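The structure appears below as structure tokens.
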Amino acid sequence: MIKKLLRFSVSKKIAKRFAGLLPVVVDAETGGIDPTRDALLELAACPLVYSDQNKLKAGSMWHYHIEPFMGSNISKESLEVTQIIPDHPFRFAVTEANMLQDLSQKVKTMCDQYHCRRAVLVGHNAAFDLSFLNAAYERVGLRSPFHRFVTIDSTSLCAVWYKETVLARAMMRAKISFNTESAHSALYDCEKTAELVCKIINLVDHRSY
């Protein structure tokens, strides 16, 4: 009974700590900077949850390779940065609709589990990732489980806590390992952003409560 009550208390801590919102780290790799014209090529997402020791940590990682939507633009410059080959047969890419259906189901399940009314996107330059996610949801006609304009931006957190906005430099200040050759992979950047955000929030919680 005591263990069950403790698990229930931990499950409600997320909603209490983040004003009823489930923080989900998202990193998107794209074909450019225009969310309505440029392709969404890769996306990784990771909910943040509390451990039994009341430490914020990364939950399950969800990772998708995505087929460019019909008529979308993919700039050469973007591919040089991401090293993505959109038509590579071993990408095993899925459509935007299939990706969003799966992501939405996972996020909604987590929201129910942690007593949150919806998710909030956490990201480094979060407005960029949210703009592409919102545009994709609109294209396929699905309702997003994410708040449409509220974000938790790790760029701002790093500026306040570490006096840095560049992810690699903030990682150095935070004493978190970061391989610049692996950067601009949605999966790697999502993992590292989650690690960084958890470290900052745990430091804040430890000092403030």
Side-chain angles (χ1 to χ4, degrees), residues 14 17-36 38-49 56-69 78 81-82 84 93-111 113-114 116-140 142-158 165 167 170-171 176 178 182-201:
I14 282 287
R17 180 63 178 83
F18 296 98
L21 300 172
L22 174 74
V24 179
V25 180
V26 173
D27 188 86
E29 301 299 335
T30 69
I33 61 173
D34 185 337
T36 61
D38 298 330
L40 177 58
L41 298 173
E42 184 184 6
L43 186 138
C46 172
L48 302 182
V49 299
L56 195 66
K57 65 174 186 175
S60 301
M61 185 68 65
W62 310 318
H63 182 217
Y64 308 91
H65 295 287
I66 306 161
E67 295 175 4
F69 67 89
S78 295
V81 171
T82 63
I84 292 173
V94 297
T95 64
E96 280 189 339
N98 286 341
M99 181 275 290
L100 293 174
Q101 286 168 356
D102 187 73
L103 177 64
S104 294
Q105 185 58 54
K106 287 180 166 65
V107 170
K108 289 174 183 176
T109 298
M110 294 291 290
C111 284
Q113 181 180 348
Y114 289 95
C116 295
R117 65 181 187 273
R118 66 192 316 175
V120 60
L121 187 146
V122 181
H124 206 73
N125 299 312
F128 176 86
D129 300 284
L130 183 61
S131 69
F132 271 85
L133 200 56
N134 284 343
Y137 272 108
E138 187 171 344
R139 274 193 297 271
V140 304
L142 289 176
R143 183 177 180 182
S144 173
F146 291 86
H147 200 293
R148 287 194 61 81
F149 54 85
V150 173
T151 63
I152 298 175
D153 192 341
S154 58
T155 314
S156 301
L157 294 178
C158 290
T165 58
L167 184 59
M171 289 290 181
I176 296 173
F178 188 76
S182 298
H184 301 295
S185 154
L187 185 60
Y188 186 78
D189 287 355
C190 187
E191 288 175 346
K192 287 300 177 179
T193 300
E195 186 177 356
L196 180 61
V197 169
C198 287
K199 181 165 188 174
I200 293 172
I201 293 176

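When a residue number appears, it is its place in the shown sequence, counting from 1. Please read all numbers here as calculations on a predicted model, not as lab measurements.
The aromatic rings of Phe128 and Phe132 sit tilted, their planes meeting at an angle between 30° and 60°.
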Working for side chain to side chain contact (heavy atoms under 4.5 Å, CB included), residues Val24 and Met110: CA-CA 10 Å; Val24 179; Met110 294 291 290; over 6 Å; no
Test log, rule side chain to side chain contact (heavy atoms under 4.5 Å, CB included), inputs Val94 and His65: CA-CA 6 Å; Val94 297; His65 295 287; over 6 Å; no
From CA spacing to verdict: side chain to side chain contact (heavy atoms under 4.5 Å, CB included), Trp62, Asp102: CA-CA 9 Å; Trp62 310 318; Asp102 187 73; 5.8 Å; no
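By the 4.5 Å heavy-atom criterion applied to side chains, Pro23 and Val120 are counted as neighbours. Contact annotation: the side chain of Leu43 approaches that of Leu133 to within less than 4.5 Å [non-hydrogen atoms, C-beta and beyond]. Looking at Ile201 and Arg17, their side chains come closer than 4.5 Å, going by heavy atoms from C-beta outward. In this structure, Leu157 and Ile152 have side chains that are in contact, with non-hydrogen atoms separated by less than 4.5 Å. Leu103 is listed as a side-chain neighbour of Phe146, based on a closest heavy-atom distance under 4.5 Å. Between Ser185 and Glu42 there is a side-chain heavy-atom pair separated by less than 4.5 Å. In this structure the side chain of Asn134 never reaches within 4.5 angstrom of the side chain of Pro35, judged on heavy atoms. Counting heavy atoms from C-beta outward, Arg118 and Pro145 have side chains that stay 4.5 Å or more apart.
One distance of note links CE of Met171 with NZ of Lys192; it measures 6.5 Å at 0.5 Å rounding. The structure places OG of Ser131 at 10.0 Å from CG of Leu121, a figure rounded to the nearest 0.5 Å. Here the straight-line distance linking atom CG of Leu41 with atom CD of Glu67 works out to 11.0 Å at 0.5 Å rounding. Here CG of Leu22 is found 8.0 Å from CG of Leu48. Values are rounded to the nearest 0.5 Å. Once rounded to the nearest 0.5 Å, the distance linking OG1 of Thr82 with CG of Asp189 reads 11.0 Å. With rounding to the nearest 0.5 angstrom, the CD atom of Glu195 is 11.5 Å from the CD1 atom of Ile200.
Atom CZ of Arg148 has 12 or fewer neighbouring heavy atoms from other residues, nucleotides or ligands inside a 6.0 Å radius. Counting non-hydrogen atoms of other residues, nucleotides and ligands closer than 6.0 Å to CD of Gln113 gives a total above 12. For Ile176, the CD1 atom is densely surrounded, since the number of other residues' heavy atoms within 6.0 Å is greater than 12.
When every heavy atom of Asp129 is checked against every heavy atom of Ala28, the shortest pair comes out as OD1-N, 2.9 Å. Between Val150 and Leu130, the closest heavy-atom pair is O-CD2, 4.4 Å. Between Phe69 and Thr36 the shortest heavy-atom distance is CZ-O, 3.7 Å. The minimum heavy-atom distance linking Ala45 with Val26 is given by the pair CB-CG2, 4.1 Å. Heavy atoms only, all atoms of each residue included: Ser104 and Tyr137 are closest at OG-OH, 2.7 Å. Taking all atoms of both residues into account, the shortest heavy-atom contact from Ser154 to Thr193 is OG-CG2, 3.7 Å.
The backbone N or O of Ala39 sits nowhere less than 3.5 Å from a side-chain atom of Thr30 that would complete a donor-acceptor pair. No donor-acceptor distance shorter than 3.5 angstrom exists from the side chain of Asp27 to the backbone of Ala44, with no hydrogens or angles considered. Looking only at distances, no side-chain donor or acceptor of Thr155 sits under 3.5 Å from a matching main-chain atom of Thr165.
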